[in-house]
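Basis for what follows: all heavy atoms, side chains included, without hydrogens, waters or symmetry-related copies. Sequence lines set the chain letters: A, B, ... in the order given, protein chains first and strands last, and positions in each chain run from 1.
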Protein chains: 2
Amino acid sequence: MTAAPSEPPAPPARTRRARGAAGARRPVYDASSLLAVAVQEFNARGYDATSMEDLSRAAGITKSSFYHHVSGKEELLRAALNRALDGLFAILEEPAAQEGAALDRLRHIIFRQVEVLTSELPYVTLLLRVRGNTETERWALARRRAFDATIASLVADAVADGEVRAGVEPSLAARLLSGTVNSIIEWYRPGRPGSESLPGEVVRIVSEGIIPPA
Amino acid sequence: MTAAPSEPPAPPARTRRARGAAGARRPVYDASSLLAVAVQEFNARGYDATSMEDLSRAAGITKSSFYHHVSGKEELLRAALNRALDGLFAILEEPAAQEGAALDRLRHIIFRQVEVLTSELPYVTLLLRVRGNTETERWALARRRAFDATIASLVADAVADGEVRAGVEPSLAARLLSGTVNSIIEWYRPGRPGSESLPGEVVRIVSEGIIPPA
DNA sequence: TCGCGGCGAACGATCGTTCGGTTGCCGGGA
DNA sequence: TCCCGGCAACCGAACGATCGTTCGCCGCGA
């Protein structure tokens, strides 16, 4: 599928120069800036629908030049998914995610998960759209399921501790919780007013309900 | 991308016979059964990653035979997206979605939306993953946005009528609401126990909160 | 005999990737 | 100071594979 043409030649987001300080050499990319460009294109068109030609054009160089900096398409995907997963799993290592009542830990994780979702938006977006077509994607899916399972067991703990009122089926609650939080990537865009209050609002809304009873 | 081999030759889900009653002719597909096969494959691998070879193999015939029944890949997508969108928009035409207090109409729509999501699962799943690469996909995205906008304005009405307690930012609530409901496609599979009570549980959970305050 | 369902082969286009070659800045020996 | 060898960045062209689609033909039941 050939999507609508991505952009004009586009002012590439170049970052550094080849060497030294006042390098007269032409601007140069590093691996992470090319990854950022690639992930943006992946998210715009979908990984499979994005060609290496698309990526190199968005970077402002030719396809063969692009290959001088990166080892391949799937390697770009792997690096991006890794970044997203590392950000998410780091949350579980925080003291507030490991100590205290289950419900408090859960609320902390939700709060931080929204923060990571927004700060690492392109990478997490890519992660949440993976389908499992390659070994790389299946590995990412497995890691993601492990993260969700941790949250699900925390929800179950909270119910078992009597911290959540009866009638909430734990596994259903956990699934809807993850779905609600993850759906933020569908509409959140950085730099809009009110962004900094989003994590707190999400925690409050999943606690009190979206459309509370009259 | 070449996904893992889909299946062995696969017992194709053939539906009818060519003609007459005791037709000795080999089984034959109609357009809708081939659409069902195609949509399942699209969802398993993603639309772009699914080749016509994959589709015909899943149907148990060759690629060229497959083309004898369908006019092309994008036409299959269009038919599938249309089916999903028709199902969703039909909800808005129901009397209970048009009469009564905003909050009641909203709850009815959520209930029915979960029902349609589950009964038309493969088609709605495909719809919710469209990225907008072709004119067909952009048309589907526009229709989907119109549906979401209807719900968003209903949420705003409920807030304006004082039916929802203060502190809920209407547009944020509407987005999280849609995200929560739509996330069901990520895990719901038909035929599991408790399926019939899901719509009611979802309505209750978005009203009372997923992890209510202690 | 007609025609529908199915088939193999091939079309041009595009895919991810590789290769050989050119450019121009830079460090270091004369 | 000058020059030169090295090398990082970049490019055009092409590779084999696979893509969606088309074509001509065949077998068989009505």
Separation of [N] [atom2] from [X] [atom1] (nearest whole Å):
X	N	atom1	atom2	value
B:Glu53	C:dA10	CD	P	16 Å
B:Ile61	C:dC7	CD1	P	7 Å
A:Arg57	C:dT14	CZ	C1'	12 Å
B:Met52	C:dA13	CE	C1'	16 Å
A:Asp30	D:dA8	CG	P	16 Å
A:Leu55	C:dG16	CG	P	8 Å
B:Leu34	C:dG5	CG	P	11 Å
A:Lys63	C:dT18	NZ	P	12 Å

Can you tell me how far the OG1 atom of B:Thr150 sits from the CD1 atom of B:Ile109, to the nearest 0.5 Å?
7.5 Å
Just to be sure I understand the rule, does A:Thr50 reach a base, reach only the sugar-phosphate, or reach nothing, if contact means heavy atoms closer than 4.0 Å?
sugar-phosphate
Below 3.5 Å between N/O atoms, which protein atoms pair up with nucleotides 24-26 of chain D? Just atom names and distances, please.
none

Show me the pairs that pass salt bridge (Lys or Arg N to Asp or Glu O under 4.0 Å) and involve residues 139-148 of chain A, at least two apart or across chains.
A:Asp86-A:Arg143
So A:Pro122 and A:Glu120, do their side chains get closer than 4.5 Å, heavy atoms only?
no
Below 4.5 Å, heavy atoms only, C-beta onward: do B:Tyr188 and B:Val114 meet side chain to side chain?
no
[X] side-chain N/O to [N] phosphate OP1/OP2 under 4.0 Å:
X	N	answer
B:His68	C:dC7	no
B:Ser65	C:dG5	no
B:Thr62	C:dC7	yes

Give a yes or no on whether the backbone of B:Arg107 and the side-chain of B:Arg112 come within a donor-acceptor separation of less than 3.5 Å.
no
Pairs involving residues 117-147 of chain B, ordered by first then second residue, that meet ring pair (Phe, Tyr, Trp, His ring centres under 6.0 Å) (sequence neighbours left out):
B:Phe89-B:Phe147
Please determine whether side-chain contact (heavy atoms from CB on, under 4.5 Å) holds for the pair B:Gln98 and B:Glu93, giving the CA-CA distance in whole Å, both sets of side-chain angles, and the decisive distance to 0.1 Å.
CA-CA 7 Å; B:Gln98 298 189 317; B:Glu93 304 299 320; 4.2 Å; yes
